[in-house]
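For ligands, and for the atoms within them, numbers begin at 1 and follow the listed sequence.
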Amino acid sequence: MCEGSCLSVAVDTPAHTGIGEPLTYLAGSPLAAGTLVRVPLGRREVTGIVWDAQEAPAVQPTIELKSVLHALESLPPLPERWRELVAFTAAYYQRGIGEVALSVLPPELRKLDDVQVRQRIARLHKALAAAPAPAVAGVAAPESAPLSAAQQQVLDELAQARLQVAAPTVLLHGVTGSGKTEIYLRCAAQALAAGQQALVLVPEINLTPQLEARFAERFAGRHIVAMHSGLTPAQRLRNWLAAHLGLADLVLGTRLAVFASMPRLGLIVVDEEHDASYKQQEGARYSARDLAIYRGKLEGATVLLGSATPSLESWQRALEGRYVKLSLPARIGGGALPAVRLVDMTQQPRVKGGAAISPPLVEALNRRIACGEQSLVFLNRRGYAPVLHCGDCGWKSACAHCSAWRVFHKLDRTLRCHHCGFTERVPRACPDCGNLDIAPMGRGTERLEEQLADLLKRADGTPARIARIDADSTRAKGSLEAQLGAVHAGDVDVLVGTQMITKGHDFRRITLVAAVNPDTSLFSSDFRAPERLFALLMQAGGRAGRDAAQAARSEMWVQTWHPQHPLYAALRRHDFEAFASAQLDERRMASLPPFSHLALLRAEARTAEAARGFLQLAVHIAQPEAEAAGITLYHPVPTPIARVADVERMQLLVESSSRQAMQHFLAQWLPRLHGVRQTLTGEARILRWAVDVDPLAI
Ligand code: ADP
Ligand code: ZN
Ligand code: ZN
């Protein structure tokens, strides 16, 4: 029996214990559910959240209960709906409640005691009181331009939809530059005017300072906070507190912001809803987009998903009428989308050392430079060349620790593995045969930059001004901003980069966009590769001709060895609907998402045999139940890059036509896998496993 009062407290229990449920503790006085506490766990003292205050759980008399050490009572308890969201996330993605709850709170909260929290809150109130008061009470000041007819129609239809369902999920399909952001702003203004808070999710906040600026400008005087991994721990805590206390009207953030505690949440916007960055790739592998939809239902908040190329999951649901489908079919100001030109590379002269930039593309780039216009050339591969190669003996720059090549970086003359980080100086001669003539094969952005610098000239004969933006060139703090600034200021003729430069940026002077070598995704084993490629190319094309005056002349060039491919045919017509319909037909026939539900069980071990052995056992113990529940368990296979940092990785695909059946099966099966591991001996036991529900890449 409990003396004093019994509480269940969610704590972050290590995954290998298999304990995901809250634990029972004693408290001297009652504490409200949602209160943060410090409790002993093993020999440590950890932060936990009071999960259930009233319900006294069944306590085994043999266990001596430990007591809560300290409660952060100055912090208002985390609301019940927030706890429901966390509990749902833990159950759906098969993780511990405490693990999820604590991983989405600002880490700083774990370090503070009640007095310190009270001080932080007082400081926040003081800072806000000192800030200038809102210019006008109510909705924000500058409403830039009158809405276009299409925008007005979208807002009308949205208002109509809200008469039928209090908090609809809306899919806004609008081509790039069609004014989706204006719709977000108007919806946010409506929410704020109604005394609600709004949450705006973006895929990569570092790449979209413009969006922040637009919200800040529109909502001058309102309290807007950012929430993303680029903040310092102190900023993150401050902004989180502002949202939790209801002081912030608007939260703008990346995927982790979907868990922001917001007591008056009325609207959730998910911009570029198809973007893969919404999926967390470690720990609880949640989809912030999917959780946003769940949270909207929970909180009675409207959820607005926006994209020029919606995910096929969202598109299918909109077609089925489960989401309200709204569209902005044209660019603002009537600007045309760029004309798509396919360069048939099979007809171009072959060049030693990999795919070249075709002569017609060089000519087109030079013409743009001569007119003082900018171009954007992208290639999804950083470094100079993806591999170094010896023509005499066939040596290649393999990574000693991964099943991957090490990439040649010419600027610092290194061979670098992009998977494990293993880096060495480039050898003078072939390590196997001593041949001095080892050569780069293929190309990355560094080499592309070098070649373009050779080929492109300004009208006065001086070399073209080329800037490169990729993960290497933007490592130093502030360098991305500086380079983007140079592009916006017109100090750059050609911008070269990885897909980093294809997203979101509102470049006004770019009139030509070129994809140098996009074919690699056409024949990938991942069924989502075409969807991703199409979205990437549409997005990239959207960077051209954003200034309506130039739009008619804007072009998107695609170099391809497969000009007849239906994906490119749809791209030429900017026809997302045709592309989606063809893809959905294929998915339906093959029983792939959105027509089925997938999970991946991944195992990592020193040897492939150990990883495979574990997965085979996992299949073995579950086969009868799986068959009875209509669940398909596939054979374990190596992951696309099987070995990383000397660890072998295997995966097992689980498929079901029913989400409930899948959930039920996983919840029964996964806890048993801790036991399976215990039965293994020696080397075979040294392994890690994890499940990825609704995996994005397989
Ligand atoms: P999207 O988010 O769909 O790519 P944006 O919202 O960024 O499109 O709009 C593209 C451009 O059109 C922006 O420069 C924006 O300021 C402008 N714009 C949006 N709505 C209007 C409008 N009603 N009238 C004039 N310009 C607009
Ligand atoms: Zn050699
Ligand atoms: Zn490596």
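- Listed by number with element, the atoms of ligand 1 under 4.0 angstrom from any heavy atom of S148 are 23 (N).
- Shown here is R688, whose CZ atom has no more than 12 heavy atoms of other residues, nucleotides or ligands within 6.0 Å.
- Heavy-atom separations between P146 and ligand 1 include at least one value shorter than 4.0 Å.
- An N or O contact shorter than 3.5 Å links K180 to ligand 1 by distance.
- For the Zn ion (ligand 3), the set of nearby N, O or S atoms under 2.8 Å includes none belonging to H418.
- Other residues, nucleotides and ligands place more than 12 heavy atoms under 6.0 Å from the CZ atom of R475.
- No part of R186 comes within 4.0 Å of ligand 1, judged by heavy-atom distances.
- Assignment of G174 to the shell around ligand 1 is not supported, since no heavy atom sits closer than 4.0 Å.
- Under the 4.0 Å criterion applied to side-chain N and carboxylate O atoms, E313 and R317 are not assigned as salt-bridge partners.
- Under 4.0 angstrom from ligand 1, the non-hydrogen atoms of R508 all belong to its side chain.
- If you check the side chains of R162 and Q190, you find a donor sitting under 3.5 Å from an acceptor.
- At a cut-off of 3.5 Å, with distance as the only test, a side-chain donor of S277 or D275 sits close to an acceptor on the other residue.
- Residue contacts with ligand 1: I332 is placed with no nitrogen or oxygen under 3.5 Å of a nitrogen or oxygen of the ligand (distance criterion only).
- Contact annotation: R331 has no heavy atom less than 4.0 Å from any atom of ligand 1.
- The distance from the Zn ion (ligand 3) to the nearest N/O/S atom of C417 is under 2.8 Å.
- Here L328 has no heavy atoms under 4.0 Å from ligand 1, in either its backbone or its side chain.
- With hydrogens and angles left out, the side-chain atoms of H223 and D249 include no donor and acceptor closer than 3.5 Å.
- Among the atoms of H401, no N, O or S atom is found under 2.8 Å from the Zn ion (ligand 3).
- Around atom 5 (P) of ligand 1, the closest heavy atom drawn from A150, G333, G179 belongs to G179.
- Around the Zn ion (ligand 2), the two atoms SG of C393 and SG of C430 are separated by an angle of 110°, to 10 degrees.
- The ligand atoms of ligand 1 that sit less than 4.0 angstrom from a heavy atom of T181 are 2 (O), 5 (P), 6 (O), 7 (O).
- Contact between V175 and ligand 1 is present, with at least one heavy atom of the residue lying under 4.0 Å from the ligand.
- In this structure, K180 does not pair ionically with D271, as no charged nitrogen and carboxylate oxygen lie closer than 4.0 Å.
- Residues Q160 and D156 have side chains that never bring a donor and an acceptor to within less than 3.5 angstrom of each other.
- A salt bridge is defined here as a Lys NZ or Arg NE, NH1 or NH2 lying under 4.0 Å from an Asp or Glu carboxylate O, and E272 with R289 fails to meet this definition.
- In summary, the atoms of ligand 1 found under 4.0 Å from a heavy atom of L147, numbered by their order in the structure, are 23 (N).
- Side-chain N/O atoms of S311 and E531 include no donor and acceptor closer than 3.5 Å.
- Considering R543, R368, R572 as possible partners of E555, the one that fulfils the salt bridge (Lys or Arg N to Asp or Glu O under 4.0 Å) test is R368.
- By heavy-atom distance, the residue among E182, Q151, R214, R546 lying nearest atom 16 (O) of ligand 1 is R214.
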